Amino acid sequence: MSPRLPFAGAGCAALLVAGGCALSPAVTAPDVPASLRPPAGQVVFLEALASGVQIYDCALKPDGSGAHGWVFRAPEATLSDRAGGSLGTHYAGPTWAGPDGSTVVAEVTAREAAPMATAIPWLLLSAKSVSGAGLFGKTTSIQRVHTLGGAAPTAACGPDNTGQQARVPYTAAYYFYRVGP
């Protein structure tokens, strides 16, 4: 078992609803460019592995140019710990929702290109709103790193296929931060 498990014990995510799990201090912040580091005083408390899709629509670009392109709509992913235990879901907002009903909605504050050209960027996000006292209830910042896939389609997008949707598979690691210690 990896020493970076965010919870003590496999299957701990299922006990979160009942409040039976303690967060482990074993989560290590990833090595990222300076622009993707959270503000001073925040500590990492959770690693969530995402597996899902990035959803794009063929539409007029929002830049007012009148050109068509693949426009990002939303993520749709499941979140798990390294042992495979469920940590919730990730969807439009962007929102992360835990099995205990807690949620965090965030906004992008910084981005860096992923090491692989076919991967979505690495991000730093700041919490706009949180709800619930559970898993995500104290989140202040989130990093999206170690992305694979998810980049906008390379297929043509124009007037002939306006409205077409593409669901591009991706994986990523999300690191959640709170005010320390």
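Positions are given from 1, in the same order as the sequence printed here. The structure displayed is predicted, hence computed values, not measured ones.
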With a 3.5 Å distance limit and no angle check, can you tell me whether [X] reaches the backbone of [Y] through a side-chain donor-acceptor pair?
{"X": "Q143", "Y": "L36", "result": "yes"}
{"X": "S102", "Y": "G132", "result": "no"}
{"X": "H90", "Y": "T95", "result": "yes"}
{"X": "D57", "Y": "R73", "result": "no"}
{"X": "W70", "Y": "A155", "result": "yes"}
{"X": "Y56", "Y": "Q164", "result": "no"}

Smallest separation among heavy atoms of [X] and [Y], with atom names:
{"X": "Y170", "Y": "I120", "answer": "CD1-CD1, 3.5 Å"}
{"X": "C157", "Y": "H68", "answer": "O-CB, 3.6 Å"}
{"X": "V104", "Y": "A127", "answer": "CG2-CB, 3.7 Å"}
{"X": "A173", "Y": "H146", "answer": "CB-CD2, 4.0 Å"}
{"X": "A119", "Y": "T147", "answer": "CB-O, 3.4 Å"}
{"X": "E107", "Y": "K128", "answer": "OE1-CD, 3.5 Å"}

> Counting only heavy atoms not in D63, do more than 12 fall under 6.0 Å of its CG?
Replying inline: yes
Sorted by chain and number, sequence neighbours left out, side-chain hydrogen bond (donor to acceptor under 3.5 Å, both in side chains) with Q165 holds for none
S131 meets the side-chain hydrogen bond (donor to acceptor under 3.5 Å, both in side chains) criterion, sequence neighbours left out, with T103
With a 4.5 Å heavy-atom cut-off, do [X] and [Y] have their side chains touching?
{"X": "T140", "Y": "P38", "result": "no"}
{"X": "Y91", "Y": "P75", "result": "no"}
{"X": "V108", "Y": "L125", "result": "yes"}
{"X": "P39", "Y": "S141", "result": "yes"}
{"X": "T78", "Y": "S86", "result": "no"}

I'd like to know whether R178 forms a side chain to side chain contact (heavy atoms under 4.5 Å, CB included) with V43, so could you lay out the CA-CA distance, the side-chain angles of the two residues, the decisive distance to 0.1 Å, and finally the verdict.
CA-CA 6 Å; R178 63 175 170 75; V43 296; 3.7 Å; yes
Nearest 0.5 angstrom please: [X] [atom1] to [Y] [atom2], how far?
{"X": "L49", "Y": "D81", "atom1": "CG", "atom2": "CG", "answer": "7.5 Å"}
{"X": "Q42", "Y": "I142", "atom1": "CD", "atom2": "CD1", "answer": "10.5 Å"}
{"X": "R37", "Y": "L124", "atom1": "CZ", "atom2": "CG", "answer": "11.0 Å"}
{"X": "Y174", "Y": "L46", "atom1": "OH", "atom2": "CG", "answer": "13.0 Å"}
{"X": "T139", "Y": "F176", "atom1": "OG1", "atom2": "CZ", "answer": "6.0 Å"}

> Where do W96 and L87 land on the side chain to side chain contact (heavy atoms under 4.5 Å, CB included) test, with the steps shown first?
Replying inline: CA-CA 9 Å; W96 293 262; L87 294 177; over 6 Å; no
### Message
Please list all pairs meeting salt bridge (Lys or Arg N to Asp or Glu O under 4.0 Å) that have one or both residues in residues 144-170, counting only residues at least two apart or in different chains.
### Response
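For residues 144-170, and leaving out neighbouring residues, the salt bridge (Lys or Arg N to Asp or Glu O under 4.0 Å) pairs sorted by first residue read E76-R167.
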| request: Dump the intermediate steps for side chain to side chain contact (heavy atoms under 4.5 Å, CB included) on K138 and V130, then the final yes or no. | output: CA-CA 7 Å; K138 293 188 179 190; V130 294; over 6 Å; no
